Amino acid sequence: MLQAHYQVLRPLTTAHLAQTMTLLCMTAAELRQQIDSELAANPALELVEERRCPTCARLLPPRGACPICSRPQSLTADDPIVFISPREDFYTGSRPNQEEAPEDNYSSAVEDLPTYVLRQIAPELPVADRPMAAYLLTHLNEDGLLEASLVEVARYHHIPLSHVEDVVRMIQHADPIGVGSASPQEAMLVQLEVLAESRYVPELAEEAVRCGMDLLSRHQYTDLARRLRIGTRQAQEIARFISENLNPFPARSHWGDQREASAPPMQVYHHPDILITHLNDDVNGQLVVEIIMPLMGTLRINPLFRQAIRQASEEKIDEWKNDLDRASLFVKCIQQRNHTMQRLMSRVVSIQQSFILNGEAYLKPLTRALLSLELDVHESTISRAVANKAVQLPNGRIVPLSMFFDRSLNVRTVLKSLIERETRPLSDTELATLLAHQGYSVARRTVAKYRAMEGILPAHLRQSPVYVPA
DNA sequence: CTATGGCACGGATT
DNA sequence: AATCCGTGCCATAG
């Protein structure tokens, strides 16, 4: 029945194609903006009353029955229920005039680090300083460290250096604490300072970070002890405190020494574009996939407008006709987008079902190319649809949709559990053979890379490098 | 000599 | 066409 409905919108023009592609890339929040501006600009477009399912009270698309309550019997447990779920509240919240409540002002479902930080400091930040703060934040590297020279920033914005430093200080105290520091050392010093406000910090920790960074990172505790003029044991304790509580790279969640640069620039996902839940919250229930449509009600062409156009004056008629075409194109594109997302998710979820249910180790290798073949669309279509989207799993975790296409996540997870269960530190070579026994054949060098990705230290630094006294 | 990280190459993926 | 990823080789540290 849905098929039939969507067949109607076949005629493809290049404009249609281009706009569908653009819409496909958008997250729900971006889509919302797009729709808002289109509604405001085009009188031919209107938003009509929503429909709710009489049984479950879900919001429904304009036509067709409730996808949950009236699902066909023929569906097996492997076929997830996929439908478009209109939810305005999800993205707009209580929008205007409350600039201070960060959770209510969703500009995007996927927020990058600069935005995330800016949002935190915005309330205290004088408006005049915003451009400068924004400039600073855009010059963070992927570790959350600042790569710009403060002197130059000051000169460029014609602001005293001390003022720039004040703003940097504010940034450093925002959530990934230490973000915006010039070096790992500086970041850690800030973290110490903040930590000291709420809990005990070993006396010489600051001293150790200040002058013993080189030794700390190489785990040379005897030398460190000598430099601080304390006992080795005390030095080890300080080192342990530091490695457990401080993070030299604020944008990374875990601490590893010199990690290889594969950690993605941190992104904070506030709100998913897609929800995956169990039917009726029953853990064994069928999977239900909701593709968020950030809008109550439904978009359509205003029928009054269509009538009015017949009696339009000569000058106006071209303009109005243009509006009408735009509006109907827009509606078609939106529907096309939804249709594609629906087909895509249906397939992805049924392929990766065991990943969703059982965790990362069960992720199957899946490429966009394979999927494009199955769904009979171009590869780039899949790429666009997958990019920048966030999915909420039944367990509540919000992950990027691209995780479903991660080729090595399952191996990495097995590797992690292998290391967690080890009794003595295993070398990369040993790990590689162990993995091979479990059917994952990867090269020794690759094990090292995966280790680094997960922020796991090399074998000789892993277990008990620090002796923990009672 | 062993373990590991850097660099770079080639094939797959986007 | 551009980018990502697994791997091999080599240098370096312990």
Side-chain angles (χ1 to χ4, degrees), chain A residues 17-18 20-22 24-26 142-143 184 213-224 232 236 239 248-249 252 254-265 267 340-341 344 347-348 351-352 360 363-389 400-416 418-419 422-436 438-466:
Chain A
L17 218 60
T20 309
M21 286 299 167
T22 325
L24 207 54
C25 299
M26 293 186 178
E142 59 179 4
D143 293 328
M213 273 298 282
D214 50 334
L215 302 180
L216 271 175
S217 58
R218 271 175 289 158
H219 295 253
Q220 295 167 342
Y221 303 120
T222 31
D223 294 343
L224 179 68
T232 308
Q236 286 177 339
F249 306 109
R252 300 184 177 181
H254 299 294
W255 137 286
D257 261 357
Q258 315 88 358
R259 190 124 41 106
E260 286 177 29
S262 38
Q267 294 196 315
T340 308
M341 290 300 296
L344 172 76
R347 198 67 198 108
V348 168
I351 290 176
Q352 300 291 21
E360 298 180 353
L363 188 72
K364 295 193 184 114
L366 172 66
T367 67
R368 294 155 171 82
L370 180 76
L371 214 57
S372 77
L373 227 63
E374 285 195 23
L375 299 183
D376 196 29
V377 293
H378 198 284
E379 291 177 20
S380 70
T381 311
I382 307 277
S383 283
R384 288 162 195 273
V386 166
N388 302 324
K389 303 255 173 20
L401 180 54
S402 57
M403 181 181 284
F404 285 71
F405 296 83
D406 191 316
R407 268 172 297 165
S408 58
L409 188 60
N410 52 354
V411 190
R412 293 208 305 271
T413 319
V414 174
L415 177 70
K416 245 198 303 190
L418 228 46
I419 293 178
E422 77 187 0
T423 50
R424 102 199 122 84
L426 299 168
S427 75
D428 288 347
T429 319
E430 292 170 310
L431 288 167
T433 48
L434 267 166
L435 281 173
Q438 303 200 16
Y440 304 99
S441 95
V442 283
R444 189 280 306 170
R445 189 63 190 81
T446 311
V447 174
K449 295 258 190 202
Y450 287 172
R451 232 183 354 86
M453 280 188 199
E454 300 296 337
I456 300 171
L457 291 170
H460 59 282
L461 300 178
R462 215 179 300 139
Q463 198 114 26
S464 60
V466 178

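Computed over heavy atoms, backbone and side chain alike; hydrogens, waters and symmetry mates excluded. Chain letters run A, B, ... following the sequence lines, proteins first and then strands; every chain starts at 1. Quantities reported herein were computed from a predicted structural model and do not represent experimental measurements.
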In whole angstroms, how far is the C1' atom of C/dG6 from the OH atom of A/Y440? 17 Å
Once you round it to whole Å, what is the distance between P of C/dG8 and NZ of A/K449? 13 Å
Of B/dT14, C/dG6, B/dT4, the nucleotide closest to the side chain of A/H460 is B/dT4
Any A/Y450 side-chain N or O less than 4.0 Å from OP1/OP2 of C/dC5: no
Heavy atoms only: give me the nearest A/M21-A/R384 pair and the separation to one decimal. SD-CD, 3.4 Å
CG of A/L415 versus P of C/dG6: gap in Å, rounded? 12 Å
Give a yes/no on whether any side-chain N or O of A/R445 is located under 4.0 angstrom from OP1 or OP2 of C/dC5. no
Is the shortest side-chain heavy-atom distance between A/I419 and A/E422 below 4.5 Å? yes
Base, sugar-phosphate, or nothing: which does A/S427 touch, judged by heavy atoms less than 4.0 Å apart? sugar-phosphate
Integer-rounded Å distance: B/dT4 C1' and A/I419 CD1: 13 Å
Non-hydrogen atoms of A/V442 and A/A432 that approach each other most closely: O-CB, 4.0 Å
Take atom CG of A/L457 and atom P of C/dG14, then tell me their distance rounded to the nearest Å. 15 Å
Side chain to side chain, A/F405 and A/V348, heavy atoms closer than 4.5 Å: yes
Contact summary for A/A459 and A/S427, nearest pair of heavy atoms: CB-CA, 4.0 Å
Using whole Å, what does the distance between atom P of nucleotide B/dT2 and atom CG of A/L431 come to? 18 Å
Starting the side chain at C-beta, find the nucleotide from B/dT13, C/dT7, B/dT4 nearest to A/R407. B/dT13
Could you tell me how far apart A/L370 (CG) and B/dT14 (C1') are, to the nearest whole angstrom? 14 Å
Given atom CG of A/L24 and atom C1' of B/dT14, what is their separation to the nearest angstrom? 15 Å
Mind checking A/R444 for me? I need base, sugar-phosphate or nothing, with any heavy atom below 4.0 Å counting as a touch. base
Can you find a side chain N or O atom of A/T367 that sits less than 4.0 Å from OP1 or OP2 on B/dT13? no
Sugar-phosphate only, base, or nothing, as touched by A/S408 at under 4.0 Å among non-hydrogen atoms: sugar-phosphate
Has A/R368 got a side-chain N or O lying under 4.0 Å from the OP1 or OP2 atom of B/dT13? no
